[in-house]
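Notes follow the structure.
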Number of protein chains: 2
Amino acid sequence: MHEDFLDELGELALGSRLKRVSEKMLADAAKVYEHFGMAIQPKWFTLLALLDKKHTVSVVEASEYLGLSQPALSQFCRQLSAKELINVAADKSDSRKKVIQLSAKGRVQVQVMKPIWSAVNLAAIELSEQSNNQFYQALLLFEASLAEKSLLQRSQHHFKQLANTQLSEEQINIIEFKPTLASYFDVINSQWIEEMFVLEEVDKRVLRYPQKNIIEKGGKIWFAEHPSLGIVGTCALLNKGNGAYELTKMGVLKTARGLKVGEILLQHVIEQAQSLPLNCLFLLTNAKCEAAIHLYEKNGFVHDKEIMDSFGRSYQRCDVAMRWTQEDFATNL
Amino acid sequence: MHEDFLDELGELALGSRLKRVSEKMLADAAKVYEHFGMAIQPKWFTLLALLDKKHTVSVVEASEYLGLSQPALSQFCRQLSAKELINVAADKSDSRKKVIQLSAKGRVQVQVMKPIWSAVNLAAIELSEQSNNQFYQALLLFEASLAEKSLLQRSQHHFKQLANTQLSEEQINIIEFKPTLASYFDVINSQWIEEMFVLEEVDKRVLRYPQKNIIEKGGKIWFAEHPSLGIVGTCALLNKGNGAYELTKMGVLKTARGLKVGEILLQHVIEQAQSLPLNCLFLLTNAKCEAAIHLYEKNGFVHDKEIMDSFGRSYQRCDVAMRWTQEDFATNL
DNA sequence: AATATTTATATAAGCGCTTATGTAAAATTT
DNA sequence: AAATTTTACATAAGCGCTTATATAAATATT
């Protein structure tokens with residue numbers, strides 16, 4: 001048998017660990033009922049206890065008390081009715097509502113189970129207090145903290161700290177393509193394309209084999225590296241022949257949005273493009289990509305109908321064509 | 001909105017509470033991935049982390065490391081293969097085995113996720129340490145205690161203490177039938193009949209309406225009451241006419257087995273039967289009920305073929321007939 | 001060497017919920 | 001009063017596992 005890998009993951013696997021423990025507890029509860037000959041399913045326990053205490057509740061009320069979904073309670077009611085442990089009747093003043101209560105048999109069944117509940121309660125207290133560790137109290141506090149500020153919010157906060165610590169523009173490092181980085185090209189671009197469009201077959205081919213489809217055809221690929229997040233952005237130049245280059249597959253991971261990675265990358269690509277036998281630098285995109293288009297406009301690209309007519313049919317999703325104009329860009333510098 | 005009923009149940013609802021928290025954590029984890037644009041399901045997390053650490057594992061190895069079932073891992077592998085995040089190949093030296101490892105894309109996907117994992121880890125640590133309460137540490141201890149001695153074992157121990165405290169024979173109180181106790185007759189008998197046989201239609205009718213089917217026909221029902229467990233046993237006398245009475249539906253709850261409740265009850269019934277215009281006291285049972293037959297033999301019942309012939313066809317499951325003999329019983333006194 | 005047992009994996013069915021959705025009744029708005 | 005929205009519940013489908021079972025390969029036993 002192997003060691004427990006969750007131990008190595010520590011707090012990161014807290015969720016998985018909690019799930020594992022809760023499943024163990026529920027499985028044990030089932031064994032307890034079985035051992036004492038009770039034809040009762042553990043999932044019914046909270047509802048039976050609620051009915052014992054409150055006498056009558058409706059389906060929705062029960063779901064609110066117990067923190068379970070309404071359909072869950074609806075199902076429990078059907079099952080407990082079949083076992084004749086509860087009576088279900090329409091509410092007199094509101095015919096949508098159902099009034100649930102224990103039947104005479106159900107009340108007796110609960111009475112008969114109560115000593116078992118007491119024993120389980122003592123067992124749970126014993127477990128909780130093992131080694132002076134007030135597990136139950138800690139769990140209550142944990143739940144309260146989680147309700148106050150969710151794991152998502154807390155994670156977002158910590159992530160922001162991680163991504164922004166001492167970040168200045170010079171710390172985004174632009175590096176050239178090498179085969180070991182090929183998959184970053186795939187992962188980074190797949191992310192935004194899948195989010196905004198659907199990944200077409202032509203995309204998949206280019207993303208999977210960038211070396212063959214871009215580099216070996218005289219194109220270029222760059223990556224942007226963040227000091228703590230690693231490689232977070234990429235951009236390619238496709239060699240279309242006759243000195244025409246298409247700027248394409250520019251993407252920044254969602255984890256690095258808002259850090260100006262896109263702009264740094266784009267400016268680097270434009271700058272590097274100057275050392276190519278450049279005749280025409282253009283790009284194709286979709287009107288949906290507002291932020292990107294704004295970035296392109298800001299960095300010397302202008303909308304161009306001619307480009308649209310000559311190259312626009314390559315991709316289904318492209319309805320915007322832009323061409324880089326050295327003049328405009330130079331005056332911006 | 002109603003208050004949280006689990007609060008009222010305290011430690012008894014520890015399992016339900018753990019389940020609720022773990023589901024909340026997992027749901028939040030899914031939101032974290034979604035927020036950062038990762039097309040990754042939280043359930044894959046432990047496997048991806050394992051592959052990142054160990055590089056290659058088989059399906060069974062992974063299931064052992066992670067504490068999940070082998071089919072679960074088998075399914076994860078299919079899903080991650082479809083996403084091209086892992087490579088699965090047959091083991092060279094054992095063609096049953098599959099060697100699982102991250103693909104190039106998978107390794108990059110993990111690299112890209114690692115900052116998120118770090119942030120979640122910090123968030124979990126923060127939650128765990130909230131209000132100086134080392135929840136994670138407490139959970140580890142709780143898990144260890146549970147592994148050392150299960151909830152079932154602990155519950156059994158506490159139950160035994162509850163059932164046996166200061167129990168002497170006089171504390172089992174025999175009481176006569178009254179309508180409010182009718183359901184105990186049903187619940188107690190259903191338990192053992194369902195365990196040993198199947199509940200026939202005739203059983204259900206008698207158990208559901210004991211007053212109509214037994215009392216009003218000149219029969220009798222008694223209950224045995226335990227000082228802390230409540231009503232735990234029952235026994236009936238059926239009036240068969242002409243001074244013949246059938247001892248039937250004698251049962252003791254599994255929670256009260258081993259406390260001599262059956263014997264006390266039986267002796268009480270035999271004693272009370274003397275005040276009836278008694279001609280013949282008999283019972284029908286099944287050879288499977290060895291413990292019961294032994295108890296009957298010990299208390300003056302002898303096997304009787306004549307009874308079998310005249311009454312044995314009433315129930316399908318009966319293949320043993322016994323008759324009480326005053327003589328034998330008297331000599332035993 | 002033949003046979004039985006064990007091991008690794010896949011597949012199917014089930015379980016305890018969930019979310020999504022539909023229907024009818026009640027409450028609210030117009 | 002009529003139309004709209006909300007509420008209560010049921011049903012269906014799905015999800016993340018589980019247990020049970022089948023299959024094939026490896027290992028141990030005879």
Side-chain angles (χ1 to χ4, degrees), chain A residues 1-2 15-31 33-34 40-47 56-82 86 88-100, chain B residues 1-2 15-31 33-34 40-47 56-82 86 88-100:
Chain A
M1 201 58 181
H2 291 98
S16 305
R17 197 177 281 278
L18 279 166
K19 181 162 200 184
R20 200 169 69 178
V21 181
S22 80
E23 270 164 14
K24 178 104 184 60
M25 293 283 286
L26 269 299
D28 260 28
K31 278 189 215 151
Y33 284 123
E34 205 197 323
I40 289 290
Q41 298 187 35
K43 63 178 174 177
W44 296 332
F45 157 64
T46 52
L47 178 56
T56 71
V57 289
S58 74
V59 173
V60 167
E61 276 164 18
S63 78
E64 287 169 350
Y65 275 123
L66 304 179
L68 293 169
S69 69
Q70 166 266 315
L73 270 295
S74 206
Q75 288 167 25
F76 292 179
C77 285
R78 191 152 26 93
Q79 294 156 4
L80 288 169
S81 271
I86 61 172
V88 178
D91 186 299
K92 293 222 169 77
S93 65
D94 183 344
S95 71
R96 294 169 307 174
K97 249 189 208 172
K98 292 201 163 177
V99 176
I100 312 165
Chain B
M1 200 59 183
H2 292 99
S16 305
R17 198 177 279 278
L18 279 167
K19 180 161 203 184
R20 200 168 69 178
V21 182
S22 79
E23 270 164 14
K24 179 103 184 60
M25 292 284 286
L26 269 300
D28 259 29
K31 279 189 213 151
Y33 284 123
E34 205 196 323
I40 290 288
Q41 297 187 35
K43 63 178 174 177
W44 296 331
F45 158 64
T46 51
L47 178 56
T56 71
V57 289
S58 73
V59 173
V60 166
E61 276 164 19
S63 78
E64 286 169 351
Y65 275 122
L66 305 180
L68 294 169
S69 69
Q70 166 266 316
L73 270 295
S74 203
Q75 288 166 25
F76 292 0
C77 285
R78 190 152 28 92
Q79 294 157 5
L80 289 169
S81 271
I86 61 171
V88 177
D91 186 300
K92 292 219 170 78
S93 65
D94 183 344
S95 71
R96 293 170 307 175
K97 250 188 207 173
K98 292 202 163 176
V99 176
I100 312 166

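Throughout, protein chains are lettered first and strands after them, A, B, ... in sequence-line order, and every chain is numbered starting at 1.
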Which residue lies more 5' along DNA chain D, comparing B/Ser93 with A/Val60 via nearest heavy atoms: A/Val60
Residue B/Arg78, side-chain atoms from C-beta onward, closest of D/dG16, D/dC9, C/dT11: C/dT11
Non-hydrogen atoms of B/Ser22 and A/Ser22 that approach each other most closely: OG-OG, 3.9 Å
Sugar-phosphate only, base, or nothing, as touched by B/Ser69 at under 4.0 Å among non-hydrogen atoms: base
4.5 Å side-chain heavy-atom contact, A/Ile100 and A/Thr56: no
Nucleotide C/dT18, atom P - distance to CG of B/Asp28 in whole Å: 16 Å
Nearest-angstrom distance from the residue atom CG of B/Leu18 to C1' of C/dG16: 17 Å
Minimum-distance nucleotide (side-chain atoms of B/Ala72 versus D/dA26, C/dT9, D/dT18): D/dT18
A/Ser95 side chain near D/dA8 phosphate (N/O to OP1/OP2, under 4.0 Å): no
Nearest listed nucleotide, side chain of A/Pro71, among C/dC17, C/dA12, D/dA12: D/dA12
Among D/dC9, C/dA10, C/dT9, the one nearest B/Ser74 by side-chain distance: C/dA10
Under 3.5 Å: donor-acceptor pair, side chain of B/Ser63, backbone of B/Val60: yes
Sugar-phosphate only, base, or nothing, as touched by B/Leu68 at under 4.0 Å among non-hydrogen atoms: sugar-phosphate
Closest-nucleotide ordering on DNA chain C, the 5'-leading residue of B/Gln75 and B/Val59: B/Val59
Atom pair distance, as rounded to whole Å: NZ in A/Lys43 and C1' in D/dT18: 14 Å
Validation row: A/Lys43, A/Gln79 side chains within 4.5 angstrom (heavy atoms): yes
Between C1' of C/dC15 and NZ of B/Lys19, the distance in whole Å: 9 Å
Whole angstrom value for the distance that separates P of D/dG16 from CD of B/Glu23: 12 Å
Which nucleotide in D/dA25, C/dC17, D/dC9 has an atom nearest any side-chain atom of B/Asp94: D/dA25
Heavy-atom side-chain contact between A/Ser58 and A/Lys98 under 4.5 Å: no
B/Ser74 side-chain N/O to B/Pro71 backbone N/O, donor-acceptor pair under 3.5 Å: no
Touch class at under 4.0 angstrom, heavy-atom based, for A/Gln41 against every strand present: sugar-phosphate
Atom pair distance, as rounded to whole Å: CD in B/Gln70 and C1' in C/dA8: 7 Å
Pair of N/O donor and acceptor under 3.5 Å linking D/dT7 base with A/Arg96 side chain: yes
Residue A/Lys98, side-chain heavy atoms: nucleotide from D/dC17, D/dA26, D/dA10 that is nearest: D/dA10
Gap between atoms CG and C1', on B/Leu73 and C/dA8 respectively (whole Å): 12 Å
Distance in angstrom units between A/Leu66 CG and C/dC17 P, rounded: 11 Å
